Amino acid sequence: MYFKDKTILASDITPRDVFENRRSLIKTAAAGGFGMALAPWFSRQALASNPEKLAATLNTAYSSKDEPTPYKYVTSYNNFYEFGTDKSDPAAHANTLQTRPWTVSIEGLVKKPLTLDIDALLKLAPIEERIYRLRCVEGWSMVIPWDGYSLSKLIGKVEPLGSAKYVEFISLADRKQMPGVSSNILDWPYREGLRMDEAMNPLTLLTLGLYGEVLPKQNGAPVRIVVPWKYGFKSAKSIVKIRFTEEMPKTSWSQFDSREYGFYSNVNPQVDHPRWSQATERRIGDPKGMFASKIKTQMFNGYADQVASMYAGMDLKKYY
Ligand SMILES: Nc1nc2c(c(=O)[nH]1)N[C@H]1C(S)=C(S)[C@@H](COP(=O)(O)O)O[C@H]1N2
Ligand SMILES: [Mo]
């Protein structure tokens, strides 16, 4: 691994222990009006010695000012059906996932198809930390400091053809490592997709870590996508393939129930799921637990300024 001058280096202090410091840092950075800032856990000694840590530069311009959800909730309350359908299943069972060696093939309608291993992905672009809200269609949300870089940087390397209109993301599906794949709850492998402009939007994050560490297995190690203005299920975990297509890809959740889960799945408080409202959400980790007051869900999960223009003129009730 290499480190560039302006990166933050993680230290032996775990970032989650000092996220309070980080919050004041973000506020300072925001007040000063600069886009990047050093995280407070910067320490040179930890350099290169601990492969679990990531060098990441905080991108304040793209970061939510909401309080990050404590690490213990981020890593113990998960959806990852390959390891079971209970929220506690991924943390309990994902230890069998082998994250090295790992390759991602980027194929389909591109001039230069590529297969990259995880080390090549870690080196492809400087790693940024971005604090994004993640809102699940089930009605809960978290605020997570993710580490990665814009997916557009990877897309640039393969040079998509003019005929490429969509990008499909395919997760690993290996019964030997993933006990949930033996059940037929979803059509495996888990598949998700984006329109080309959505995939190229700088907010769409090729994600390699969280809280300054490589991704925990339950969060989709070693590489996943995070699309912050869409419901959580659009953010496919443990991906092995990225494919460029002309036709809109069939996604696992819309195949499961196309009335409940559409292709777009933009967070939209005005368009309810057929069985429940999407107007409010419950923030995981709130000390009041189930009694915590609900938060109003924001259009495009609060990212309207950056993404609304992509849907100008579209009927978002029809294209849910
Ligand atoms: N491969 C795969 N990716 C997946 C899922 C899954 O079951 N399998 N669940 C999705 C859902 S519904 C959500 S809300 C998010 C949860 O991400 P987190 O556990 O890291 O918070 O992952 C998404 N990505
Ligand atoms: Mo979800």
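All values below come from the heavy atoms of this structure, side chains included, with hydrogens, waters and symmetry mates left out. Numbering of ligands and ligand atoms starts at 1, following listing order. A quick note: this is a predicted structure, and the numbers were derived from the prediction, not measured.
A side chain to side chain donor-acceptor pair (under 3.5 Å) with Thr297 is found for one member of Arg135, Gln278, Arg133 and no other, namely Arg135.
Side-chain polar atoms of Arg243 and Tyr166 form no donor-acceptor pair below 3.5 angstrom.
Around NZ of Lys153, the count of heavy atoms belonging to other residues, nucleotides or ligands within 6.0 Å exceeds 12. More than 12 non-hydrogen atoms from other residues, nucleotides or ligands lie less than 6.0 angstrom from NZ of Lys87. Counting non-hydrogen atoms of other residues, nucleotides and ligands closer than 6.0 Å to CG of Asp257 gives a total above 12.
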Discussion item. Apply ring pair (Phe, Tyr, Trp, His ring centres under 6.0 Å) to residues Trp253 and Tyr261 and explain how you reach the verdict.
Written reply: CA-CA 6 Å; Trp253 282 107; Tyr261 310 102; 5.2 Å; yes
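Taking a heavy-atom cut-off of under 4.0 Å, ligand 1 is surrounded by Asn78, Asn79, Phe80, Tyr81, Glu82, Cys136, Trp140, Trp146, Ser171, Tyr190, Asn219, Arg224, Gly232, Phe233, Ser235, Ala236, Lys237.
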